[in-house]
Amino acid sequence: LRIFTRLDEPQYKISPYKELFTDKEIERLETDGHLGSTKKMKDFTSGRECECYVSVHEATNRLTTLPVDALTLPTRIYGKEIGDDIEALRIGMYNKVQEGPTYYSYIAFDLFGGELMTSTGRPIDLINSLSNALHTFVSSQWNGYYKALLQVNNVMSIAEGLADSPTRNRVLGECRYFRAYIYLCLVTRFGDVPVLRQNTQAKVSRDPASMAWELVEEDLDAASGFLNGLSADSFYYVSPAAVTALKARVKLYLGKKGEAKELAESLIANPNYALDDFDKIFRSKANKEVIFAFSCLTEDGSSIKISNQFYSYNHPNKGSYNYRPAGDVMTMYADNDLRKEVSITTLDNLNFVNKYPSGQTGSDPVVISRLAEMYLISAEAQGLNGGLDRLNELREKRGLDRVSPGNEADFLDAVLQERRLEFLAEGFRWYDLVRTGKATQTLGTKDYQCLMPLPSRELLYNPNLKPNNPGY
């Protein structure tokens, strides 16, 4: 789909396509990007009619149809042969995983974690507003991750049918990594979710969160096997190191601290990576810290314009200024903290998150894994006696003095505070508080807000997903 130009308006609003859909179907395409059910469509190249999944490709505004029978991709898209061009499918998968869950997904844990607020209230007011099963914040993430999963599972099924080769192994490794990433995002947000190893037409029920965690671990192990011995062209592609980094995070989240420490330490010892300057990391400069990131290229039509949310029109970067740093975020950086200038800034008495500098006119890469996280995973996993040096090594790199917590509780607080300073607006804060049992006390939220609600519309379309998470 990258070879097609972007239409000025969605294809479902253009004749003859718009005549194919009811008003209700057009409304669903507009709000969710897919119909939510199958529809009989005709292949204009063969004249064959079949039930199809119908969705909208955000980057081009074009309709895409996926025949239900055998749940395989068609051999032609807009009259062009796919053949065995697995590379095109691979790039499409990267695009869908990057774009599908929308910009909300990348800052969700900052929005829900009290780091951001609007112009009209406190952070807790924003959290309560977003704790709503009708809010786009919820539905865009749920729908986006499952749309991405549909693509990943399809590419996986196609790649599994290819002859054994490095290309096949690379694609299968990337598929397994992305499915693990998707389910990590889903289970940390929603808890019990449908676990789909294959695509299905069935109205599925939710599976226990433990099943999702099991699949995440299984997929990451498989990804390591497929990608073993292969390298990536850049950190915008999944590498063996990217798999190891995500695996270290998962092990920490699951309390498997010994494994988390070993995985993190293997990357710290890897000569290809090193702690680097914030200016390099977040200003698209060559650096040795980033392990994996989504490119979110403006020229590719990326809609992930996080920066637009953070700047106002009086700032040179310009933006909608929907969210600003919470008051304590503006005071948490010491003046000698080398992260401060890149993380936050002030102009005309207005405060801004400063990590994504493109503003209204472009998009910025979104970092998924970088080496600083490995230092803090190793520190937390080892505890005070073994992990203090790793914590202080990172602090010294960021221009700060060493700390000396007196006990394990104080050490954990120091690690969490360092994670807060290091990963502002990178999607960590809320789940860091949830997984350590500190969310309700720190944020002033209710116990039920340690999960997000499922979208009300999804419960309406599929009653098997009921009941919603407690409290919603």
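Basis for what follows: all heavy atoms, side chains included, without hydrogens, waters or symmetry-related copies.
- Side-chain atoms of Tyr181 and Leu246, non-hydrogen and from C-beta on, do get closer than 4.5 Å to each other.
- A donor-acceptor pair is defined here as one N or O able to donate and one able to accept, closer than 3.5 Å; such a pair exists between the side chain of Arg189 and the backbone of Ser105.
- Of all non-hydrogen atoms in Ile291 and Ala245, the two that sit nearest each other are CD1-CB, 4.1 Å.
- Lys247 and Ser224 share a side-chain donor-acceptor pair at under 3.5 Å.
- Here the side chain of Asn462 pairs a donor or acceptor atom with the backbone of Val204 at under 3.5 angstrom.
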**Report entry** Stepwise side-chain hydrogen bond (donor to acceptor under 3.5 Å, both in side chains) check, Asn464 with Ser205
**Finding:** CA-CA 5 Å; Asn464 291 336; Ser205 302; 4.7 Å; no
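- The minimum heavy-atom distance between Val155 and Cys175, with the atom names listed, is CG1-SG, 3.8 Å.
- Residue pairs satisfying the side chain to side chain donor-acceptor pair (under 3.5 Å) criterion with at least one member in residues 226-236, sequence neighbours excluded, are absent.
- Note that CD of Glu51 is 10.0 Å distant from OH of Tyr53, once rounded to the nearest 0.5 Å.
- At least one side-chain heavy atom of Val290 sits under 4.5 Å from a side-chain heavy atom of Ile281.
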Query raised in the report: Going through the checks in order, is the ring-ring contact (aromatic ring centres under 6.0 Å, His included) test met by Phe292 and Tyr177?
Result: CA-CA 11 Å; Phe292 177 64; Tyr177 172 90; 5.5 Å; yes
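- Both tests pass for Arg324 against the ring of Tyr321: distance under 6.0 Å to the centre and angle within 45° of the axis.
- No donor-acceptor distance shorter than 3.5 angstrom exists from the side chain of Ser139 to the backbone of Pro455, with no hydrogens or angles considered.
- For Tyr472 (side chain) and Leu451 (main-chain N/O), a donor-acceptor pair under 3.5 Å exists by modelled atom type.
- Of the N and O atoms on the side chains of Asn128 and Gln449, at least one donor lies less than 3.5 Å from an acceptor on the other residue.
- Lys13 meets the salt bridge (charged side-chain N to carboxylate O under 4.0 Å, His left out) test with Glu30; sequence neighbours excluded.
- Salt bridge Arg90/Glu174: present, at least one basic N to carboxylate O contact under 4.0 Å.
- With Asn322 contributing its side chain and Thr118 its backbone, the two residues share no donor-acceptor pair below 3.5 Å.
- Scanning for side-chain contact (heavy atoms from CB on, under 4.5 Å) contacts around Glu25 gives Phe21, Thr22, Leu35, Lys39, with sequence neighbours left out.
- A salt bridge is absent between Asp276 and Lys288: the closest approach of a Lys/Arg side-chain nitrogen to an acidic carboxylate oxygen does not fall below 4.0 angstrom.
- The main-chain N or O of Glu289 is found under 3.5 Å from a side-chain atom of Asn287 such that the two form a donor-acceptor pair.
- Considering all non-hydrogen atoms of both residues, Ile107 and Ala425 come closest at CG2-O, 4.0 Å.
- Results of the side-chain contact (heavy atoms from CB on, under 4.5 Å) test with Phe137 over Leu126, Thr102, Leu111 single out Leu111 as the only residue that passes.
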Query raised in the report: Would Phe112 and Tyr431 satisfy ring-ring contact (aromatic ring centres under 6.0 Å, His included), going step by step from the backbone distance to the final call?
Result: CA-CA 9 Å; Phe112 232 56; Tyr431 196 69; over 10 Å; no
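- Taking NE2 of His135 as the start and CD of Gln141 as the end, the distance is 10.5 Å to the nearest 0.5 Å.
- With rounding to the nearest 0.5 Å, the separation of CZ in Arg429 from CZ in Phe109 is 13.0 Å.
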Requested in this report: Could you walk me through whether Phe294 and Tyr94 pass the ring-ring contact (aromatic ring centres under 6.0 Å, His included) test, one step at a time?
Outcome: CA-CA 8 Å; Phe294 286 120; Tyr94 271 83; 7.4 Å; no
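- Put simply, the residue from Lys203, Arg206, Arg28 that forms a salt bridge (Lys or Arg N to Asp or Glu O under 4.0 Å) with Glu458 is Arg28.
- Taking CZ from Phe423 and CG from Leu421, the interatomic distance works out to 10.5 Å, rounded to the nearest 0.5 Å.
- A distance-only check finds no donor-acceptor pair linking the side chain of Ser343 to the backbone of Lys340 [under 3.5 Å].
- The structure places CG of Asp432 at 9.5 Å from CG of Leu376, a figure rounded to the nearest 0.5 Å.
- No donor-acceptor contact under 3.5 angstrom links the side chains of Glu422 and Tyr375, judged on distance only.
- Side-chain atoms of Ser303 and Glu99 form a donor-acceptor pair, as typed in the model, at a separation below 3.5 Å.
- Donor-acceptor pairing under 3.5 Å is recorded for the side chains of Asn351 and Thr346.
- Distance alone, capped at 3.5 Å, places no donor-acceptor pair between the Arg435 side chain and the Trp430 backbone.
- We find that Glu426 and Arg370 are joined by a salt bridge, their nearest charged nitrogen and carboxylate oxygen being less than 4.0 Å apart.
- The shortest distance between side-chain heavy atoms of Asp164 and Asn169 falls below 4.5 Å.
- Two residues are said to be in side-chain contact when any heavy atoms from C-beta on lie closer than 4.5 Å; Val250 and Glu217 meet this criterion.
- At a threshold of 4.5 Å between non-hydrogen side-chain atoms, the residues Gln98 and Cys296 count as touching.
- Asn270 is not listed as a side-chain neighbour of Thr244, based on a closest heavy-atom distance of 4.5 Å or more.
- When atom types are taken as modelled, the side chain of Tyr12 and the backbone of Glu19 share no donor-acceptor pair closer than 3.5 angstrom.
- Across every non-hydrogen atom of Ile306 and Tyr103, the tightest pair is CG1-CB, 4.2 Å.
- Residues meeting the ring pair (Phe, Tyr, Trp, His ring centres under 6.0 Å) test with His315, sequence neighbours left out: Tyr311, Phe352.
- With Lys355 contributing its side chain and Leu424 its backbone, the two residues share a donor-acceptor pair below 3.5 Å.
- Residues Ser358 and Ser307 bring no donor and acceptor atom of their side chains to less than 3.5 Å of each other.
- Minimum interatomic distance between Lys96 and Ala148 (heavy atoms only, all atoms of both residues): CG-CA, 3.5 Å.
- Under the rule for a ring pair (Phe, Tyr, Trp, His ring centres under 6.0 Å), Tyr461 has no partner lying at least two apart in sequence or in another chain.
- For the residue pair Ser210 / Glu214, no side-chain donor-acceptor distance below 3.5 Å is found, with atom types taken as modelled.
- Between Met41 and Leu20, some side-chain heavy-atom pair lies under the 4.5 Å cut-off.
- Residue Glu160 qualifies as enclosed at atom CD: its count of foreign heavy atoms under 6.0 Å is above 12.
- Listed by first and then second residue, the ring-ring contact (aromatic ring centres under 6.0 Å, His included) pairs that reach into residues 184-223 are Trp142-Phe190, sequence neighbours excluded.
- For the pair Val434 and Cys450, the tightest heavy-atom approach, listed with the atom from each and the gap, is CG1-O, 3.9 Å.
- Rounding to the nearest 0.5 Å places CZ of Arg249 at 7.0 Å from CD1 of Ile368.
- Contact check for Leu162 versus Thr167: no side-chain heavy atoms found under the 4.5 Å cut-off.
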